[in-house]
Amino acid sequence: MLDKPAPTSTVRTSGPLSGFRIVEFAGIGPGPFACMMLADMGADVVTLDRVGAKKSMKSVAGRGRKVIELDLKDKAAIAQVLDLLASADALVEGFRPGVMERLGLGPDVVLARNPKLVYGRMTGWGQEGPLANAAGHDINYISITGALAAIGTKEAPVPPLNLVGDFGGGALYLVVGVLAALLDAQKSGKGQVVDAAMCDGAASLMSFFFDMTAIGRWTEGRDQNFLDGGAHFYGVYECACGHFVSIGSIEPQFYALLREHAGLTDTDFDAQMDPKAWPALKEKLKTVFKSKSREDWCKIMEGTDICFAPVLTMSEATQHPHMVARKVFVERHGIKQPGPAPRFSRTPSKVREPEPAEIAAVMQAWAGR
């Protein structure tokens, strides 16, 4: 059940979303990640979870908000949730289509109580369509968009972790949709449903490649185009030490620097943009990069306009001088993790740790709004 907090001081938050109030229905993957971003940007986010969930307070994606456990099968709890939503700016849920409606918390019911509410829905397949109620994961959602088929080796597609569907096509599109709807609600006084589907977002992320295909500059398949590993000047190479480096020397001036710093005097490298020459040139570059360690290549190429970087593990990334200088990673509860992004000059985002008094103040402010 929702606690009734005692009176306390006003909550002070920072970030461009300070003052916005969001109710999150607990889930996994893109929903929590989206709410992490909203909380980092200053929104007051309250997460409603099932009784006994006992979420880890060290969770990276769960940072910045208070978790309240309740039984959504209890009609009294549903009534309290509706009261909470009556004073919220946005709701985020990631259940299968129809679940919120069966709980009595569907858009029609909630928007009747709070017409200005932004109702954010996160699913893989979307709220309707032949697959809407089927189970799935990131790998499935990006499979039907053309994205997975374009990533990998000639032999087979390679799953790009779950970055493209869950987080790129899912969470980020949900955040964009919720923010756009909040802007509209401020002008119109009317909320709306944001249907963020991972397959929609992943398809949208493929826009550039549909564009390139239309003008004849992209071939369907893998390892045969200038951005999919086919070109010798855009790819990953193993070094003598067993570590890897990446190069992206697409532009002629960057390619010229690559040739200069790597000693590529062979005239065969003149054929930069000839796809027929790429396989042989790639083999030659493999031999070149295998001649030195990653550390050696960093001394030669890092910081130049070659478009070069070492391929780092997560633990190595936290120690890289550029990442350290920009404070890209922060430490929370003894755990290294990415800090808030993007950055704001006047209203900086930050990793928030709600204290009991702050939580009570948030709940009281919501109740009295």
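Because the structure is a prediction, the values reported are computed rather than measured.
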*Flag the pair Glu238 / Lys290 as yes when at least one side-chain heavy-atom distance between them is below 4.5 Å, and no otherwise.*
yes
*Does any N or O in the side chain of Arg332 come within less than 3.5 Å of the main-chain N or O of Ser59, such that one atom is a donor and the other an acceptor?*
yes
*Can you tell if the side chain of Arg102 reaches within under 4.5 Å of the side chain of Phe95, non-hydrogen atoms only?*
no
*According to a 4.5 Å side-chain heavy-atom criterion applied to Ile, Leu, Val, Met, Phe, Trp and Tyr, with indirect links allowed, do Met273 and Leu264 form part of one hydrophobic cluster?*
yes
*Which heavy atom of Asp266 sits nearest a heavy atom of Arg259, and at what distance?*
O-NH2, 3.1 Å
_Determine whether Phe209 and Leu227 satisfy the following criterion, side-chain contact (heavy atoms from CB on, under 4.5 Å), listing intermediate values before the conclusion._
CA-CA 10 Å; Phe209 304 100; Leu227 291 176; 4.2 Å; yes
*Hey, are the side chains of Leu172 and Phe167 touching, using non-hydrogen atoms and a 4.5 Å cut-off?*
no
*Give, for atom CG of Asp305 and atom CD of Gln253, the distance between the pair rounded to the nearest 0.5 Å.*
8.0 Å
_Quick check against the 3.5 Å criterion: does Lys336 have a side-chain atom that pairs as donor or acceptor with the backbone of Met314?_
no
_Glu251 atom CD: more than 12 heavy-atom contacts under 6.0 Å_ = yes
*asked:* Just verifying a value: how many Å separate Arg113 CZ and Asp108 CG, rounded to the nearest 0.5 Å?
replied: 14.5 Å
*State, with a plain yes or no, whether a side-chain heavy atom of Leu205 is found less than 4.5 Å away from one of Tyr173.*
yes
*Looking at CZ of Arg222 and CD of Gln224, how far apart are the two atoms once the value is rounded to the nearest 0.5 Å?*
9.0 Å
*Heavy atoms only: give me the nearest Arg63-Arg65 pair and the separation to one decimal.*
O-NH1, 3.0 Å
*Verify, without hydrogens or angle tests, whether Trp297 (side chain) and Phe289 (backbone) share a donor-acceptor contact under 3.5 angstrom.*
yes
*asked:* Check whether Arg21 reaches the backbone of Asp89 with its side chain - one donor and one acceptor, N or O, closer than 3.5 Å.
replied: no
*Are any non-hydrogen side-chain atoms of Glu24 and Leu38 less than 4.5 angstrom apart?*
no
_Under 3.5 Å donor-acceptor, Ser204 side chain and Asp200 backbone_ = no
*If two hydrophobic side chains count as joined below 4.5 Å and joins carry through other members, does Ile300 share a cluster with Phe233?*
yes
*Contact summary for Ser349 and Pro342, nearest pair of heavy atoms*: OG-O, 4.1 Å
*Would you call Arg217-Asp211 a salt bridge at under 4.0 Å N-O?*
no
_Quick one, Phe308 and Cys298 - any side-chain contact, counting heavy atoms below 4.5 Å?_
yes
*State yes or no: do Val99 and Phe25 share one hydrophobic cluster built from I, L, V, M, F, W and Y residues joined by side-chain heavy-atom distances below 4.5 Å, directly or via other members?*
yes
*Mind listing the closest non-hydrogen atom pair of Leu70 and Ile68 along with its distance?*
CD2-O, 3.6 Å
*Ignoring hydrogens and geometry, is there a side-chain-to-backbone donor-acceptor pair from Tyr234 to Ile250 under 3.5 Å?*
no
*asked:* Between Arg121 and Glu101 (salt bridge meaning N to carboxylate O under 4.0 Å), is one present in this structure?
replied: yes
_For a quick test of reading the model, state the closest non-hydrogen atom pair linking Asp138 to Gly165 and the distance between them._
OD2-N, 2.8 Å
*Please step through side-chain contact (heavy atoms from CB on, under 4.5 Å) for the pair Leu257 and Ser249, ending with a clear verdict.*
CA-CA 8 Å; Leu257 283 173; Ser249 310; over 6 Å; no
_When you measure from the side chain of Asn225 to the backbone of Trp218, do you find a donor-acceptor pair of N or O atoms at a distance under 3.5 Å?_
no
*How far does CG of Asp166 sit from CG of Leu161, to the nearest 0.5 angstrom?*
10.5 Å
_Enclosure of Ile215 CD1 (heavy-atom neighbours >12, cutoff 6.0 Å)_ = yes
*Is the shortest heavy-atom distance from the side chain of Asp223 to the side chain of Lys282 under 4.5 Å?*
yes
*Rounded distance [0.5 Å steps], CD1 in Ile78 versus CG in Asp71*: 8.5 Å
*asked:* Could you go through Ile247 and Leu285, starting from their C-alpha distance and side-chain angles, then the distance that decides it, and tell me whether this counts as side-chain contact (heavy atoms from CB on, under 4.5 Å)?
replied: CA-CA 11 Å; Ile247 57 170; Leu285 262 185; 4.1 Å; yes
*Can you see which heavy atom on Leu174 is nearest to which on Ala34, and at what distance?*
CD2-CB, 3.8 Å
*asked:* When you measure from the side chain of Arg294 to the backbone of Val311, do you find a donor-acceptor pair of N or O atoms at a distance under 3.5 Å?
replied: yes
*Inspect the contact between Lys154 and Asp228 and indicate whether a charged nitrogen and a carboxylate oxygen are less than 4.0 angstrom apart.*
no
*For atom CZ of Phe210, decide whether the heavy atoms of other residues, nucleotides or ligands shown that lie under 6.0 angstrom number more than 12.*
no
*Are Lys66 and Asp44 ion-paired here, with the side-chain N under 4.0 Å from a carboxylate O?*
no
*asked:* Quiz question: by atom type and distance under 3.5 Å, do the side chains of Glu302 and His320 form a donor-acceptor pair?
replied: yes
*asked:* What verdict does the side-chain contact (heavy atoms from CB on, under 4.5 Å) test give for Leu17 and Leu179, after you've listed the backbone C-alpha separation in whole Å, the side-chain angles of each residue and the deciding distance to 0.1 Å?
replied: CA-CA 9 Å; Leu17 296 182; Leu179 294 180; 3.8 Å; yes
*Ser18 side chain to Gly15 main-chain N or O, any donor-acceptor pair under 3.5 Å?*
no
*asked:* Donor-acceptor check, side chain of Trp125 to backbone of Met198, threshold 3.5 angstrom: yes or no?
replied: no
_Working to the nearest 0.5 angstrom, can you tell me the gap between Lys116 NZ and Lys190 NZ?_
13.0 Å
*Connected via hydrophobic side-chain network under 4.5 Å: Ile151 and Trp278*: no
*asked:* Is there a path of hydrophobic side-chain contacts, each under 4.5 Å between heavy atoms of I/L/V/M/F/W/Y residues, joining Val60 to Val351?
replied: no
_Is any side-chain heavy atom of Asn114 closer than 4.5 Å to one of Leu85?_
no
*Could you label the plane-to-plane angle of the Phe269 and His232 rings as parallel, tilted or perpendicular, counting under 30° as parallel and over 60° as perpendicular?*
tilted
*Answer yes if the side chains of Asp296 and Ser293 hold a donor-acceptor pair under 3.5 Å, and no otherwise.*
yes
